Amino acid sequence: MINNKFPKDFLWGTATSSYQIEGAMDADGKGKSVWDTYSHLSGKIQNNDNGDVACDHYNLWPKDIKLLKKLGVKAYRLSISWPRIFPSGHEKAPNLPGLDFYSQLIDNLLENNIKPFITLNHWDIPQGLEDIGGWPSRDMVDAFVKYSYYVSDNLGDRVKNWITHNEPYCISYLGYVHGQFPPGLKDNWPKSLATAHHLLLSHGMSINEIRNNSKESEVGITLNLAPSTPASNSTYDIEHCKFFDVQLNQLYLDPLYKKSYPEYLFDYLTKKRLIKKSDINFIKPGDLETIGKKTDFLGVNFYSRAIIRDQDIAEDKNLPIEVTPGEKTDFGWEIHPRSLYNLLIRIKKDYPIEKIYITENGCAYNDPPDKNNIINDSKRIEYHSSHIKELKNAIIDGVPCKGYFAWSLMDNFEWCEGFGKRFGLIWVDFESLERVPKQSFFWYKSLIENNGKET
Ligand code: IFM
């Protein structure tokens with residue numbers, strides 16, 4: 001069956017997201033997203049970069065589809081910019097030029113035999129919705145259901161693979177506890193948990209809308225998951241590691257697949273006085289039933305593992321560190337492919353998941369073109385190769401993974417890092433907007449031609 005290749009119908013793809021590549025920040029009636037606002041606040045983004053132009057994919061998309069075709073991918077994961085469809089979020093009817101943009105893109109992908117995987121929310125929500133409270137407000141659920149209804153009604157005849165949200169953890173934790181993402185709040189656990197809940201609830205509520213509009217389609221959600229390991233055997237590190245795992249992984253997987261929240265998390269945060277039990281009043285009767293509705297697939301974004309040290313304990317009171325990270329990418333993220341295998345085996349064991357796609361996996365390296373315009377990004381090739389090997393091991397051991405999407409098709413706006421971190425298989429010159437396929441592009445092309453076998 002698998003031998004040294006992947007299953008026959010395995011989907012090899014690549015991925016991007018709207019704010020990271022499109023630019024055209026106010027074209028054809030588009031409203032402002034929270035990322036338009038945030039990236040223009042001084043000091044929030046490295047080098048004060050912003051996504052006003054990014055890769056100008058909104059205008060250069062025919063070129064990009066040609067590159068996708070050349071790469072030979074079977075699937076392409078892209079996201080829809082919500083404020084292109086509902087500029088403020090509050091309109092009753094959608095902005096048709098916004099829908100037309102995605103409609104022509106999808107037609108073109110299909111003409112080239114590339115299956116579009118659509119993510120509805122890859123973080124760039126309309127600023128108008130943030131202004132009335134954003135994700136901590138339950139009103140967001142109806143706004144998302146309306147948006148997913150109109151998008152699937154217009155594109156659902158052709159799009160058959162839907163992802164409701166990308167990485168709810170990043171919206172909830174980075175936006176409300178860490179403070180790095182919009183709206184940039186710090187240590188606000190009540191809002192962070194309400195955000196997670198409303199994202200999950202809106203996922204559950206939109207499943208039927210999408211399925212009704214898009215016959216024979218599959219609807220899933222993408223989570224960024226990671227295994228974690230305590231830095232030492234101290235009870236501090238072990239306890240902190242458990243907390244980390246619960247808030248990154250179980251907070252999302254448990255309600256989706258077990259219709260319950262991990263009580264441990266709420267108890268832990270209450271004990272630390274970070275929430276009051278009454279803050280959890282956003283969970284209404286019936287919500288968990290809705291969230292736990294059958295999801296057709298789980299999208300897994302994997303980059304690294306986490307080594308956890310309890311930072312609240314003085315170093316001289318803790319045990320010496322025993323686990324240290326190995327080699328890192330230019331982002332400073334440890335390269336640990338075996339963790340992908342471990343993660344997949346664990347989620348297969350703990351949750352009744354019938355289908356998985358690796359919706360993102362990749363690395364930041366900034367190797368520039370040489371004098372012959374060749375980009376020899378051998379570390380990126382090694383990163384993908386080692387992760388794909390572990391993915392194959394996981395499939396052999398029974399993990400129902402049906403596809404792999406390399407992040408990313410091209411260098412793009414890497415959120416708070418601006419244009420300084422490059423994840424692409426294609427180099428983008430952000431001055432001239434020229435695209436140059438890297439060596440990893442040709443390596444991936446050949447891997448796809450050989451269905452996962454390296455030549
Ligand atoms: O670029 C991001 C993407 O938007 C979401 N997942 C992680 C990637 C790398 O940081």
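Just follow the structure's listing: the first ligand is 1, and inside any ligand the first atom is 1. For clarity, every value in this text was computed on a predicted model and none was experimentally measured.
In this structure, D237 pairs ionically with R309, as a charged nitrogen and a carboxylate oxygen lie closer than 4.0 Å. Ion pairing between D64 and K69 fails under the 4.0 Å rule for side-chain N and carboxylate O.
Of all protein heavy atoms, the one lying nearest to atom 1 (O) of ligand 1 is E414 OE1, 2.6 Å. Protein heavy atom in closest approach to atom 8 (C) of ligand 1: Y303 OH, 3.4 Å.
Relative to atom 6 (N) of ligand 1, the option among Q20, E360, H122 with the closest non-hydrogen atom is E360.
Checked by distance only, ligand 1 and S17 stay at 3.5 Å or farther apart across all their nitrogen or oxygen atoms.
With 3.5 Å as the limit, one finds a donor-acceptor pair spanning the side chains of H40 and D52. Counting only N and O atoms by type, the side chains of Y303 and N224 include no donor and acceptor under 3.5 Å apart. Side-chain contact check for S206 and E209: no donor-acceptor pair (N or O, by modelled atom type) lies under 3.5 Å.
Contact annotation: W333 has at least one heavy atom less than 4.0 Å from an atom of ligand 1. Contact analysis leaves K421 out of contact with ligand 1, as no non-hydrogen atom separation drops below 4.0 angstrom.
The ligand atoms of ligand 1 that sit less than 4.0 angstrom from a heavy atom of E167 are 5 (C), 6 (N), 7 (C).
Between F413 and F419, the gap from one ring centroid to the other is short of 6.0 Å.
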